[in-house]
Amino acid sequence: MAKNYFYIIFLAAIFFTSGAKAQDSKQPKIQDDVSIEGLNLYPNPVTAGKVYISSKKELDKEIVIFDVLGKKVLQTVISDKELNVSNLSPGVYIIKIKEEDSTSSRKLIIQ
């Protein structure tokens with residue numbers, strides 16, 4: 001009888017460990033964001049209500065700005081370097097910039 005319990009436990013262990021491996025291989029891989037090449041964000045901190053965003057490619061950029069609580073406070077697309085942030089209150093923000101398939105996030109301080 002003890003021999004039967006040994007085989008049952010042995011087979012169950014093989015079944016459960018092989019099932020775990022199969023599940024691990026099915027997990028989707030998360031791609032890392034590709035940073036925007038040559039990204040420059042200035043001035044930071046912003047004092048005059050305008051921030052300038054440049055990159056090596058100088059293509060249209062999708063801009064999303066979040067406050068420290070994660071609330072979206074501004075979303076726009078710019079085709080030149082200048083972004084007007086004069087309507088934002090002084091504070092710390094996260095700016096997410098997307099250019100083609102590349103994305104970068106930075107801290108933005110408005111005084």
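A distance of 8.5 Å separates CD1 of I97 from CG of L83, quoted to the nearest 0.5 Å. Atom OH of Y93 is separated from atom CG of D67 by 7.0 Å, given to the nearest 0.5 angstrom.
Put simply, the side chain of L108 does not reach to within 4.5 Å of the side chain of V92, judged on heavy atoms. In this structure, the side chains of K61 and V77 stay at 4.5 Å or more apart for every pair of heavy atoms.
Shown here are the side-chain contact (heavy atoms from CB on, under 4.5 Å) partners of K72, two or more places apart in sequence or in another chain: V64, F66, Q75. Evaluation of the side-chain contact (heavy atoms from CB on, under 4.5 Å) rule for S54 yields N40, Y42, E58, K81 as partners, not counting sequence neighbours. Under the rule for a side-chain contact (heavy atoms from CB on, under 4.5 Å), the partners of D80 that lie at least two apart in sequence or sit in another chain are I78, E82.
One N or O on the side chain of N44 and one on the backbone of K107 form a donor-acceptor pair closer than 3.5 Å. For the pair S79 (side chain) and D60 (backbone), a donor-acceptor distance under 3.5 Å is absent.
Other residues, nucleotides and ligands contribute more than 12 heavy atoms inside 6.0 Å of the CG atom of N87.
Defined by atom type and a distance below 3.5 Å, a donor-acceptor pair is present between the side-chain atoms of E99 and S55.
Clustering ILVMFWY residues whenever any of their side-chain heavy atoms sit less than 4.5 angstrom apart, transitively, puts I95 in a cluster other than the one holding Y52. Placement of L39 and I94 in two distinct hydrophobic clusters is found when ILVMFWY residues are connected by side-chain heavy-atom separations under 4.5 Å, directly or transitively.
When every heavy atom of P43 is checked against every heavy atom of V46, the shortest pair comes out as O-CG2, 3.3 Å. The minimum heavy-atom distance linking I36 with S104 is given by the pair N-OG, 3.0 Å.
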Criterion side-chain contact (heavy atoms from CB on, under 4.5 Å) on L59 and E100, from CA distance to verdict: CA-CA 8 Å; L59 300 173; E100 283 189 326; 3.4 Å; yes
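Taking 4.0 Å as the cut-off between side-chain N and carboxylate O, E37 and K57 do not count as a salt-bridged pair.
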